[in-house]
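Here's the structure we're looking at; comments come further down.
The structure displayed is predicted, hence computed values, not measured ones. Every heavy atom of this structure was used, including side-chain atoms; hydrogens, water molecules and symmetry mates were not. Residue numbering restarts at 1 for every chain, and letters A, B, ... go by the order of the sequence lines.
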Amino acid sequence: MIQAIKGTRDILPEEAETWQRHERIARAVFARYGYREIRTPVFEETQLFARGIGSETDIVSKEMYTFEDRDGGSLTLRPEATAGIVRAVIEHNLAQSDPMLKLYAIGPMFRREQPQKGRQRQFHQINVEAFGMSRPSIDVEIVELALTLLAECGVGGCELLLNSVGDAHCRPAYLETLRGALAKEKARLCADCQRRADVNPLRVLDCKVPADQPLIATLPKITDHLCAECRDHFAEVRRQLDLLGIAYRVEPRLVRGLDYYVRTTFEVTSSALGAQNSVLGGGRYDGLVHELGGPELCGIGFAVGMERLALIPAAEGESAQTRRCEVFLVPLAPGALDRALLAQRGLRAAGRSALLDHEGRGLKSQMKKADKLGARFVAILGEDEQARGVWTVRNMASSAQEEVPEARLAEYFRERLDG
RNA sequence: GUGGAUGUAGCUCAGCUUGGUUAGAGCGCCAGGUUGUGGCCCUGGAGGCCGCGGGUUCGAAUCCCGUCAUCCACCCCA
């Protein structure tokens with residue numbers, strides 16, 4: 001039996017309604033903050049990701065779906081959205097003409113990882129990016145937007161983690177300090193950390209092995225080694241978050257896996273998620289646009305994991321089963337089908353959702369079907385009704401029935417279903 | 001790539017320890033109980049190479065080996 005590729009899955013109609021709800025809410029929220037949608041291709045030149053994300057990152061070094069095009073070029077299914085959006089911003093010179101470049105994107109990403117709870121090889125993100133704004137207030141707006149989005153989607157029990165990872169001026173010096181500290185203590189850490197100490201010392205800070213924690217706590221923190229500009233920026237971000245009454249926890253050990261982040265980084269976690277507990281993550285990426293061949297244009301953004309969003313139970317149980325049908329038509333008499341087809345077409349043209357049974361079953365069976373489809377009304381056409389040009393209309397909630405002339409059907413339902 | 005758990009009806013699962021007549025339940029689906037009326041109830045029905053391959057045995061869903069898949073976790077991220 002052919003089945004879905006490992007790490008991919010089908011989103012069945014019932015769950016798809018939850019996704020649609022989240023997307024609808026997101027678009028509405030973004031409109032209020034002045035963000036507009038951009039849609040970029042799901043595959044790009046491999047070089048774009050290698051240069052943008054960092055060739056030494058896990059994503060680029062071992063998780064990308066890369067393949068050779070027929071002309072020999074190397075293409076890659078996007079593992080994240082920001083690089084492609086930045087490419088489009090540069091290619092179309094969007095920053096030149098837009099007085100306030102704010103963009104969002106919704107779509108699938110691809111990473112070849114081992115699947116587990118909240119992690120798929122094809123997964124979906126909602127991305128938000130703002131370009132050309134360097135002041136701390138946009139950092140705060142982005143964070144506030146992220147939290148508003150989650151709140152409106154009904155997710156509760158979330159925690160905002162905040163950090164500053166410094167910039168090109170102060171991070172190299174900090175890394176040296178950290179390396180120095182690690183060199184002395186390395187032998188006492190777990191095997192993974194000893195490897196990290198050489199490859200990516202920042203990751204040691206993120207280690208979860210209990211035995212390593214006491215030593216990690218003594219390591220120098222990035223937030224104590226920021227340059228004056230980064231320190232001031234971070235302080236102002238925190239001051240404004242306080243001003244807006246937004247709760248957060250400064251987490252100096254919060255390290256992002258993409259090389260392009262500078263200064264502000266943040267993450268929102270939920271206890272409902274298991275090991276992959278981050279619903280949303282992002283940060284500032286001031287050097288990225290230039291790095292990819294564009295102008296000196298700063299940027300900041302975040303991504304929400306839609307699978308993870310869907311895993312978090314909505315605060316209030318909004319289990320309103322969607323009605324698939326307002327009017328269910330039941331042609332009983334031989335020849336009634338023709339009248340039903342005409343009536344169905346007419347009702348649909350009038351904006352009603354109308355269905356009829358295509359199996360030609362008995363009345364009882366069709367009534368059951370109408371009930372299961374959530375029909376508000378059932379309209380029956382038997383020999384008796386057909387002879388007199390009327391339909392017997394049953395209100396499924398009250399079980400009341402009355403006869404309605406065929407010509408008045410649309411009007412009848414409009415009066416009872418609209419408003 | 002590594003570790004652990006699990007694979008039986010469309011779905012959720014029992015049966016496996018102590019091998020033994022046609023493999024079960026609930027939900028769902030279909031039909032009947034009402035010559036033209038849904039929900040609740042009752043009755044009946046359809047639907048399973050018991051993940052796949054091999055082995056042990058008179059006999060395997062059940063024991064053994066292998067394999068594949070899924071889930072969870074490590075790594076890392078949304």
Query - Rounded distance in Å between the C1' positions of B:rC50 and B:rU37 - result: 42 Å

Report summary line: Paired to B:rA69 by Watson-Crick or G-U wobble criteria (both distances under 3.5 Å) is B:rU6

Report task. Using a 4.0 Å heavy-atom cut-off across all strands, classify A:Glu80 as base, sugar-phosphate, or nothing. Result -> nothing

Query raised in the report: Does any donor-acceptor pair link the side chain of A:Gln276 with the base of B:rC76 at a separation under 3.5 Å?
Result: yes

**Report entry** Distance, rounded to the nearest Å, where A:Gln366 contributes CD and B:rA31 contributes C1'
**Finding:** 15 Å

Query raised in the report: Touch check for A:Val279, heavy atoms < 4.0 angstrom, all strands: base, sugar-phosphate only, or nothing?
Result: sugar-phosphate

**Report entry** Derivation and outcome, side-chain contact (heavy atoms from CB on, under 4.5 Å), residues A:Arg388 and A:Glu403
**Finding:** CA-CA 10 Å; A:Arg388 290 184 288 122; A:Glu403 294 192 340; 2.7 Å; yes

Query raised in the report: Is there a donor and acceptor pair closer than 3.5 Å between the side chain of A:Gln116 and the base of B:rC75?
Result: yes

Requested in this report: Identify whether NZ of Lys or CZ of Arg in A:Arg119 sits under 6.0 Å from the centre of the six-membered ring of A:Phe123 and within 45° of that ring's axis.
Outcome: no

Query raised in the report: If you measure from the P atom in B:rG66 to the same atom in B:rA5, how many Å do you get, rounded?
Result: 14 Å

Query raised in the report: Minimum heavy-atom separation for A:Thr66 to A:Ser74, with atom names?
Result: CG2-OG, 3.4 Å

Report task. Specify whether A:His225 and A:Tyr174 have parallel, tilted or perpendicular ring planes, treating 30° as the upper limit for parallel and 60° as the lower limit for perpendicular. Result -> tilted

Query raised in the report: Which part of the nucleic acid, if any, lies within contact of A:Gly118, taking any heavy atom under 4.0 Å across all strands shown: a base, the sugar-phosphate backbone alone, or nothing?
Result: base

Query raised in the report: With no hydrogens and no angle check, do the side chains of A:Ser137 and A:Gln240 hold a donor and an acceptor under 3.5 Å apart?
Result: no

Requested in this report: Take atom P in B:rA31 and the same atom in B:rG38, then report the distance between them in whole Å.
Outcome: 13 Å

Query raised in the report: Is there side-chain contact between A:Ile38 and A:His92, with at least one heavy-atom pair below 4.5 Å?
Result: no

**Report entry** Atom-pair distance (CG on A:Leu373; C1' on B:rC29), nearest Å
**Finding:** 14 Å

Report summary line: salt bridge (charged side-chain N to carboxylate O under 4.0 Å, His left out) pairs touching residues 25-38 of chain A, sequence neighbours excluded, are A:Arg27-A:Glu37, A:Arg32-A:Glu152, A:Arg36-A:Asp98, A:Glu37-A:Arg39

Query raised in the report: Rounding to a whole Å, what distance do you find between A:Leu311:CG and B:rC72:C1'?
Result: 13 Å

Query raised in the report: Rounding to a whole Å, what distance do you find between A:Glu359:CD and B:rA31:C1'?
Result: 15 Å

Query - C1' spacing across the pair B:rC42 / B:rC58, given as an integer number of angstrom - result: 45 Å

Query - A:Pro115 or A:Met306, whichever maps to the more 5' nucleotide of RNA chain B - result: A:Pro115

Query raised in the report: Taking the six-membered ring for Trp, are A:Phe377 and A:Phe413 parallel (under 30°), tilted (30 to 60°) or perpendicular (over 60°)?
Result: tilted

Query raised in the report: If we call it a pair only when both distances are under 3.5 Å in a Watson-Crick or G-U wobble match, what pairs with B:rU56?
Result: none

Requested in this report: Measure from NZ or CZ of A:Arg238 to the centre of the six-membered ring of A:Phe234, then state whether that distance is under 6.0 Å and the direction lies within 45° of the axis.
Outcome: yes

Distances under 3.5 Å between nitrogen or oxygen atoms of protein and nucleotides 43-52 of chain B:
none

Query raised in the report: Looking only at atom P, what distance separates B:rU62 and B:rU22, rounded to whole Å?
Result: 16 Å

Report summary line: Quick note, A:Ala303 side chain, CB onward, closest among B:rA78, B:rA73, B:rC30 is B:rA78

**Report entry** Complementary nucleotide for B:rG38 - Watson-Crick or wobble, under 3.5 Å
**Finding:** none

Requested in this report: May I have the distance from A:Arg119 (atom CZ) to B:rU70 (atom P), rounded to whole angstrom?
Outcome: 15 Å

Query - Sequence-distant partners of A:Leu175, side-chain contact (heavy atoms from CB on, under 4.5 Å), two or more places apart - result: A:Arg171, A:Pro201, A:Leu202

Query raised in the report: So which nucleotide does B:rG44 pair with, by the Watson-Crick or G-U wobble rule with both distances under 3.5 Å?
Result: B:rC30

Query raised in the report: Between B:rA69 and B:rU56, how far is it from one P atom to the other, in whole Å?
Result: 27 Å

Report task. Determine which pairs satisfy salt bridge (charged side-chain N to carboxylate O under 4.0 Å, His left out) with at least one residue from residues 215-226 of chain A, sequence neighbours left out, and list them in order. Result -> none

Requested in this report: If B:rU17 has a Watson-Crick or G-U wobble mate with both distances under 3.5 Å, name it; if not, just say none.
Outcome: none

**Report entry** Carboxylate-amine/guanidinium contact A:Glu411 A:Arg414, below 4.0 Å
**Finding:** no

Polar-atom pairs under 3.5 Å, protein N or O versus N or O of nucleotides 9-13 of chain B: list them with distances, or write none.
none

Query raised in the report: How many Å lie between CZ on A:Arg121 and P on B:rA69, as a whole number?
Result: 10 Å

Query raised in the report: So what's B:rA25 paired with, Watson-Crick or G-U wobble, going by both distances under 3.5 Å?
Result: B:rU12

Query raised in the report: Rounding to the closest angstrom, what is the interatomic distance between B:rC71 and B:rG33 at atom C1'?
Result: 45 Å

Query - Heavy-atom side-chain proximity of A:Ile5 to A:Gln122 below 4.5 angstrom - result: no

Requested in this report: Quick one: label A:Arg361 by what it contacts on the DNA or RNA (base, sugar-phosphate, nothing), any heavy atom closer than 4.0 Å.
Outcome: sugar-phosphate

Query raised in the report: Is B:rC49 paired to anything, Watson-Crick or G-U wobble with both distances less than 3.5 Å, and if yes, which nucleotide?
Result: none

Query raised in the report: Over how many whole Å does the gap from A:Glu63 atom CD to B:rG1 atom P extend?
Result: 14 Å

Report summary line: By the Watson-Crick or G-U definition, both distances under 3.5 Å, B:rG1 is matched with B:rC74

Could you run down the sub-3.5 Å N/O contacts of the protein with nucleotides 35-39 of chain B?
from: B:rG36; atom 1: O6; to: A:Glu385; atom 2: OE1; distance (Å): 3.4
from: B:rG36; atom 1: N1; to: A:Glu385; atom 2: OE1; distance (Å): 3.0
from: B:rG36; atom 1: N1; to: A:Glu385; atom 2: OE2; distance (Å): 3.0
from: B:rG36; atom 1: N2; to: A:Glu385; atom 2: OE2; distance (Å): 2.8
from: B:rU37; atom 1: O2; to: A:Arg394; atom 2: NE; distance (Å): 3.4
from: B:rU37; atom 1: O2; to: A:Arg394; atom 2: NH1; distance (Å): 3.2
from: B:rU37; atom 1: O2; to: A:Gln401; atom 2: OE1; distance (Å): 3.0
from: B:rU37; atom 1: N3; to: A:Gln401; atom 2: OE1; distance (Å): 2.6
from: B:rU37; atom 1: N3; to: A:Gln401; atom 2: NE2; distance (Å): 3.4
from: B:rU37; atom 1: O4; to: A:Gln401; atom 2: NE2; distance (Å): 3.1
from: B:rG38; atom 1: O2'; to: A:Asp371; atom 2: OD2; distance (Å): 3.1
from: B:rG38; atom 1: N7; to: A:Arg394; atom 2: NH2; distance (Å): 3.0
from: B:rG38; atom 1: O6; to: A:Arg394; atom 2: NH2; distance (Å): 3.0
from: B:rG38; atom 1: O6; to: A:Ser399; atom 2: OG; distance (Å): 2.1
from: B:rG38; atom 1: N1; to: A:Met396; atom 2: O; distance (Å): 2.3
from: B:rG38; atom 1: N2; to: A:Asp371; atom 2: OD1; distance (Å): 3.3
from: B:rG38; atom 1: N2; to: A:Met396; atom 2: O; distance (Å): 2.9
from: B:rG38; atom 1: N3; to: A:Asp371; atom 2: OD1; distance (Å): 3.4
from: B:rG39; atom 1: O4'; to: A:Asp371; atom 2: OD2; distance (Å): 3.2
from: B:rG39; atom 1: O6; to: A:Ser399; atom 2: OG; distance (Å): 3.0

Query raised in the report: Between A:Thr223 and A:Pro252, which heavy-atom pair has the shortest distance, and what is it?
Result: OG1-CB, 3.8 Å

Query raised in the report: What's the CD-C1' distance between A:Gln114 and B:rU2, to the nearest Å?
Result: 9 Å

Requested in this report: For nucleotides B:rU70 and B:rG55, find the distance between their P atoms and express it as a whole number of Å.
Outcome: 28 Å

**Report entry** Contact check, side chains of A:Phe30 and A:Lys102, non-hydrogen atoms, under 4.5 Å
**Finding:** no

